[in-house]
K.L.:
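Sending over a structure as structure tokens; questions will come in a sec.
Both counts, for ligands and for their atoms, begin at 1 and track the order of listing. Fair warning: this is a prediction, and the values are worked out from it, not measured in the lab.
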Amino acid sequence: MPEKSSHIPQHIAIIMDGNGRWARERGLPRREGHRAGAESVREAVETCKELGTKFLTLYAFSSENWSRPRAEVRALMSLLKDFLRRKTPEMHEQGVRLHAIGRLGDLPENCRAELTRSIEQTSSNTDLNLVLALSYGAREEIVDAARQLAREAVAGELDPESIDNAAFQQHLYTAGIPDPDLLIRTSGESRISNFLLWQISYAEIVITRKLWPDFKGVDLRQAAAEYARRHRRFGAI
Ligand code: FPP
């Protein structure tokens, strides 16, 4: 039986880091690290389903990742496209609904088409929401929200005085998605790297030394258990 309780994080967000180092340690090209990382994605989805977690957000490609060598960007886009094509039927069967956040217009056309197809095919599923952050940057997201609010104000559709946390949140890419309860970063780095800056205000953070391709279901369960042990106070006593 899946364990379900209020101590289970309803939304887990992950900064998947360490693919390159995993490959280097094995004398492999970096793209092999990313390929192994895609397997960990599959395992994370399965484990979230078993735990009863409702949202899993993965930092799959940041705004800054565009500045990597062209061959690596191409390999990542191709991996994403293949992953979506191969895994969508399986995700659909498992009741997984796919979402994407970020400046999706920046993605290559064939990648975007595959993404749109997967999102449409899984749109009626309710067991687990898998949110892929693609061409995503939190500052860019906040700027885009501010720009949209300004447009509405200039058009006379919005009173600037009515802008509060809730109104702002509704203009983020994550509108309608609850804030993450637990943020995990792999590979031992203690950085947020422009990920979900607004949304992680109250998230519990777990950093693990495991490199992303080595991060298995058992590691995700351990992070969820660590989350359950912490006493969440939301700034109160
Ligand atoms: C960070 O490792 C990882 C990425 C920039 C990309 C994450 C992509 C995947 C896990 C594979 C594809 C994803 C999906 C959803 C199919 P790094 O390259 O920065 O590692 P390093 O810090 O060791 O160099």
K.L.:
Can you tell me if Glu72 and His34 form a side-chain donor-acceptor pair at under 3.5 Å?
P.N.:
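Looking only at side-chain atoms, His34 and Glu72 do form a donor-acceptor pair, the distance falling under 3.5 Å.
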K.L.:
Any N or O of Arg68 that comes nearer than 3.5 Å to an N or O of ligand 1?
P.N.:
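So ligand 1 has an N or O lying under 3.5 Å from an N or O of Arg68.
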K.L.:
Pull out every atom of ligand 1 sitting under 4.0 Å from any heavy atom of His34, numbered as shown with elements.
P.N.:
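Numbered from 1, ligand 1 contributes 11 (C), 18 (O).
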K.L.:
For ligand 1, which atoms, with element, lie under 4.0 Å from some heavy atom of Trp212?
P.N.:
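Those qualifying, in numeric order: 10 (C).
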K.L.:
Counting each atom of ligand 1 from 1 as listed, which ones have a heavy atom of Ala60 under 4.0 Å away?
P.N.:
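This gives 6 (C), 7 (C), 8 (C) as the contact atoms.
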K.L.:
Going by the atom numbers of ligand 1, which of them fall below 4.0 Å from some non-hydrogen atom of Gly20?
P.N.:
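This gives 17 (P), 18 (O), 20 (O), 21 (P), 23 (O), 24 (O) as the contact atoms.
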K.L.:
Do ligand 1 and Arg30 have nitrogen or oxygen atoms that lie under 3.5 Å from each other?
P.N.:
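Yes, there is a polar N/O contact under 3.5 Å.
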K.L.:
So, Ser62 and Asn65: side-chain donor and acceptor under 3.5 Å apart, yes or no?
P.N.:
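Yes, because at least one side-chain N or O of Ser62 sits under 3.5 Å from a partner of the opposite role on Asn65.
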K.L.:
Using a 4.0 Å cut-off to any heavy atom of Met16, which atoms of ligand 1 qualify?
P.N.:
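It comes down to these atoms of ligand 1: 1 (C), 2 (O), 3 (C), 7 (C), 10 (C).
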K.L.:
Would Asn19 and Glu32 count as having a side-chain donor-acceptor pair, cut-off 3.5 Å?
P.N.:
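Side-chain D/A pair, Asn19 to Glu32: absent.
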K.L.:
How far is atom 12 (C) of ligand 1 from its nearest protein heavy atom, and which residue and atom is that?
P.N.:
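The answer is Leu79 CD2, 3.9 Å.
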K.L.:
Between Glu64 and Asn194, is any side-chain donor less than 3.5 angstrom from a side-chain acceptor?
P.N.:
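Distance-only check passes for Glu64 and Asn194.
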K.L.:
Would Trp22 count as being in polar contact with ligand 1, using the rule that some N or O on each side must be under 3.5 angstrom apart?
P.N.:
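Such a contact does not occur with ligand 1.
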K.L.:
Which residues pass the side-chain hydrogen bond (donor to acceptor under 3.5 Å, both in side chains) test with Asp17, sequence neighbours left out?
P.N.:
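Counting only residues at least two positions away or on another chain, Asp17 forms a side-chain hydrogen bond (donor to acceptor under 3.5 Å, both in side chains) with Arg21, Arg185, Ser187.
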K.L.:
Which of the atoms in ligand 1, numbered in the order shown and given with their element, are less than 4.0 Å from a heavy-atom of Phe83?
P.N.:
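In order of numbering, the contacting atoms are 16 (C).
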K.L.:
Identify the closest protein heavy atom to atom 14 (C) of ligand 1: which residue and atom is it, and at what distance?
P.N.:
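Residue, atom and distance for the closest contact: Val41 CG2, 4.2 Å.
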K.L.:
Is a salt bridge present between Glu114 and Lys81, judged by a nitrogen-to-oxygen distance below 4.0 Å?
P.N.:
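Salt bridge flag = no for Lys81 with Glu114.
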K.L.:
Distance under 6.0 Å and angle within 45° of the ring axis: does Arg26 meet both against Trp22?
P.N.:
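Judged by the rule (NZ or CZ under 6.0 Å from the ring centre, within 45° of its axis), Arg26 counts as positioned above Trp22.
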K.L.:
When only distance counts, is Tyr59 in polar contact with ligand 1, meaning an N/O pair under 3.5 Å?
P.N.:
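In fact, backbone or side chain, Tyr59 has no N or O that close.
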K.L.:
Has the side chain of Ser40 got a donor or acceptor atom that lies under 3.5 Å from a matching backbone atom of Trp212?
P.N.:
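Yes, because the side chain of Ser40 sits within donor-acceptor range (under 3.5 Å) of the backbone of Trp212.
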K.L.:
Measure the distance from atom 9 (C) of ligand 1 to every protein heavy atom, then report the residue, atom name and distance (to 0.1 Å) of the closest one.
P.N.:
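Nearest neighbour among protein heavy atoms for atom 9 (C) of ligand 1, to 0.1 Å: Asn19 ND2, 3.6 Å.
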K.L.:
Going by atom types alone, do Gln148 and Gln170 pair a side-chain donor with an acceptor below 3.5 Å?
P.N.:
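No, because no side-chain N or O of Gln148 sits under 3.5 Å from a partner of the opposite role on Gln170.
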K.L.:
Taking non-hydrogen atoms only, is Asn65 closer than 4.0 angstrom to ligand 1 via side chain, backbone, both or neither?
P.N.:
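The part of Asn65 near ligand 1 is the side chain, not the backbone.
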K.L.:
If I apply the N/O under 3.5 Å rule, does Leu132 come out as touching ligand 1?
P.N.:
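The answer is no, given that Leu132 and ligand 1 share no N or O pair closer than 3.5 Å.
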K.L.:
Just which atoms of ligand 1 are under 4.0 Å from any heavy atom in Arg21?
P.N.:
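Going through ligand 1 atom by atom, the ones under 4.0 Å from Arg21 are 21 (P), 22 (O), 23 (O).
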K.L.:
Just checking Glu157: does its CD atom have more than 12 heavy atoms from other residues, nucleotides or ligands closer to it than 6.0 angstrom?
P.N.:
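More than 12 heavy atoms, drawn from other residues, nucleotides or ligands, come within 6.0 Å of this atom.
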